[in-house]
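Written out below as structure tokens is the structure these notes cover.
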Amino acid sequence: MMVDIAKRSTAPWHLWAIAVASVLWNGFGVWQWYQKVTGAQAYWSALTMEQVFYLRSAPMWTDVAFGVAVWCGLLGALMLLLRRKLAFNAFVAGLIAMLAHSVYVLALSNGREVLGAAGLASVVAVAAVFVIQIAYAHWARRKGLIG
């Protein structure tokens, strides 16, 4: 019993590094979503007119899915930082919401053409980061680093 408590009280450096990097990454996603839904001038002025029209004409559920994805990602990152096993669940929920949003962009609309290669690259990058976060949270939970 004493060994379990000692093992649980110390966390390896990589847990903190991945947790802090996840908070920063997902915090940036939340900031982007906030800029988009509040109509921040800096966000919209960086886009072409075609991109502005595309994003503003997208169904509301895509903004909701984007919001759920980034907020679940941030929640998962904070849970990882606090060493809670629910980090895994939050990351999975974020990936599902992100994939729902991506289905609209990549398959149900002309998002690939409007957003271009950078848009596709960001979808792939965000999905990859979610998968890495999920895998790490699962591994950390199995090893007893989070619980």
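Bear in mind that the values here come from a model prediction, so they are computed numbers and not experimental data.
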Supply the atom-to-atom distance [X] [atom1] to [Y] [atom2], rounded to the nearest 0.5 angstrom.
X    : Y    : atom1 : atom2 : value
L108 : S102 : CG    : OG    : 11.0 Å
R84  : N89  : CZ    : CG    : 14.0 Å
L120 : L106 : CG    : CG    : 6.0 Å
L86  : M79  : CG    : CE    : 6.0 Å
H101 : T62  : NE2   : OG1   : 5.0 Å

Quick one: does [X]'s side chain get under 4.5 Å of [Y]'s, heavy atoms only?
X    : Y    : answer
C72  : F91  : no
W44  : Q35  : no
L145 : W139 : yes

Practice prompt. State yes or no: do L81 and I18 share one hydrophobic cluster built from I, L, V, M, F, W and Y residues joined by side-chain heavy-atom distances below 4.5 Å, directly or via other members?
Written response: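 They do not share one cluster, since no chain of ILVMFWY contacts under 4.5 Å joins L81 to I18.
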
Looking only at heavy atoms, which two atoms of [X] and [Y] are closest? And how far apart?
X    : Y    : value
L74  : N26  : N-CB, 3.5 Å
V129 : W25  : CG1-NE1, 3.4 Å
A97  : A69  : CB-N, 3.6 Å
A77  : V23  : CB-N, 3.5 Å
S109 : Y104 : OG-O, 2.8 Å

Worksheet entry | Heavy atoms from other residues, nucleotides or ligands near NZ of K36 exceed 12 (cutoff 6.0 Å) |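 Result for NZ/K36: enclosed.
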
Worksheet item: Do the ring centers of F28 and W31 come within less than 6.0 Å of each other?
Response: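 Distance test on ring centres: under 6.0 Å, yes.
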
